Amino acid sequence: MLEFKTLSLEDKTWVDDLVKSEGCFSAGYSFGTIYIWNRNYRHLVARHGERMIEKLRYSSEPAYTAPIGRGSILPALDALREYCDSREQQLMLRGVTERQMAALEKECPGRFEYTEDVDFADYIYLAEKLATYSGKALHSKKNHCNRFEAENDWKFVPLTRELIPGCMDMMDRWTEENAQRLHNSIVYEHEALMKSFAAYEKLGFEGGVLFSGDRVIGFSMGEFCRSDCFDVHFEKAYSDINGAYPMVCREFTRMLMARHPELVYMNREDDMGLESLRRSKLSYKPEFMVKKYTARWIYG
């Protein structure tokens, strides 16, 4: 029988190994995502052979992820069905990608019913385009950066532990200034950010900080979700400073490309169904979307 547990930092090695084997663009499987968002989604994790399954809770309804890792998906899926049956739960998988859907259909043809979750699709960008804002479609981003550079004595530096207090102060001010328009999930985001800062080195996160003079005005942070794709967990900047957001995005991408020649894609995650966030993510011209689905086991 499967045994689900809360992840600890000591689990990072084996989780990273299975995530790497999966090679998925989705932001939902990396160790850091599971660890820092535990309070919001109440992540629990079970290992079955060379596969990992996450247990989630959406409202009062328990759900799971497709088993990720290596080898056939069927043994882990059978174990998950047994687990759900023993608790009289419907087998429901969330965050299923199109590639995972194909694997499920290969092993269990016609046994799942799929519904697309349009609010949870990840936005994937070419790193090279974000690092240059080249082309007509991104010309306005380049103009904003040009104006920012002309108006500010700026620098962008790697995020180190010494800079974390300044980022935390900036986040507090940013939250106060944006309180009226923020989604209620900001409470969970703030906790996830604090967990990220507390275990920054152990999580293997990478980040960067934008300064204007001696003032922190933006930062970004995340981790690789696959060997050629970096997942941006957080990106914050003062919106009243023209060009601050495009600068954080551009400079962080440039920093990562210089460190990691293998980097091709940037995952800037989903828009949570928020129209303002959707407009913002679309304005950076994604290369493609990672569509996600809910898969429900058809009984009878």
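Remember, predicted model here, so these are calculated numbers, not experimental data.
Checked by atom type and distance alone, the side chain of S220 pairs as donor or acceptor with a backbone atom of F234 at under 3.5 Å. No donor-acceptor distance shorter than 3.5 angstrom exists from the side chain of N152 to the backbone of S212, with no hydrogens or angles considered. Between the R296 side chain and the E113 main chain, no donor and acceptor come within less than 3.5 Å of each other. For the pair Y125 (side chain) and K281 (backbone), a donor-acceptor distance under 3.5 Å is present. The backbone N or O of C249 lies less than 3.5 Å from no partner atom in the side chain of Y284, so there is not a single donor-acceptor pair. The closest donor-acceptor contact from the side chain of E287 to the backbone of I124 lies at 3.5 Å or more, if one exists at all. Panel note: side chain W37, backbone A192; no donor-acceptor pair is recorded below 3.5 Å. Between the side chain of R47 and the main chain of G49, a donor-acceptor pair closer than 3.5 Å is present. Here the side chain of E105 pairs no donor or acceptor atom with the backbone of A102 at under 3.5 angstrom.
Sequence neighbours left out, the pairs with a member in residues 67-109 that pass ring-ring contact (aromatic ring centres under 6.0 Å, His included) are F4-Y83.
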Check the pair Y64 / Q89 against side-chain hydrogen bond (donor to acceptor under 3.5 Å, both in side chains), numbers first and verdict last. CA-CA 11 Å; Y64 305 85; Q89 297 175 356; 2.7 Å; yes
Give the intermediate values and the outcome of salt bridge (Lys or Arg N to Asp or Glu O under 4.0 Å) for residues E149 and R250. CA-CA 12 Å; E149 291 180 287; R250 187 191 75 179; 3.4 Å; yes
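Salt-bridge check for E191 with K195: failed, with every basic side-chain N at 4.0 Å or more from each acidic carboxylate O. Using a 4.0 Å cut-off between a side-chain N of Lys or Arg and a carboxylate O of Asp or Glu, D85 and R87 do not qualify as a salt bridge.
Summarising the local packing, NZ of K291 is surrounded by 12 or fewer heavy atoms from other residues, nucleotides or ligands at distances under 6.0 Å. Residue K20 qualifies as open at atom NZ: its count of foreign heavy atoms under 6.0 Å is 12 or below. No more than 12 heavy-atom neighbours from other residues, nucleotides or ligands sit within 6.0 angstrom of CD on E128. K55 NZ: more than 12 foreign heavy atoms inside a 6.0 Å radius. Residue-environment remark: CD (E275) exceeds the threshold of 12 foreign heavy atoms within 6.0 Å.
Here the rule is side chain to side chain contact (heavy atoms under 4.5 Å, CB included) with T65, and of L93, L56, I34 only L56 fits it. When D122, D117, D119 are each tested for a salt bridge (charged side-chain N to carboxylate O under 4.0 Å, His left out) with K292, only one passes: D122.
Between H233 and F205, the angle of the ring planes lies from 30° to 60°, which puts this pair in the tilted group. Between F230 and F224, the two ring planes are perpendicular [angle over 60°; tilted spans 30° to 60°]. Ring geometry for W297 against Y299 counts as perpendicular: the plane angle is over 60°, on a 0 to 90° scale with 30° as the lower cut. Ring pair Y265/F25 is perpendicular by interplanar angle, where above 60° counts as perpendicular and below 30° as parallel.
Side-chain atoms of D271 and Y123 include a donor-acceptor pair closer than 3.5 Å. Side-chain contact check for S283 and S280: no donor-acceptor pair (N or O, by modelled atom type) lies under 3.5 Å. Residues D172 and T175 bring no donor and acceptor atom of their side chains to less than 3.5 Å of each other.
With contacts defined as side-chain heavy-atom distances shorter than 4.5 Å, the pair C84/Q90 does not qualify.
Residue I298 is found outside any hydrophobic cluster, as its side-chain heavy atoms come under 4.5 Å of no other Ile, Leu, Val, Met, Phe, Trp or Tyr. The hydrophobic cluster around V118 extends to none of the other residues, as no ILVMFWY side-chain heavy atom falls under 4.5 Å of it.
F197 CZ to M171 CE: the interatomic distance, rounded to the nearest 0.5 Å, is 8.5 Å.
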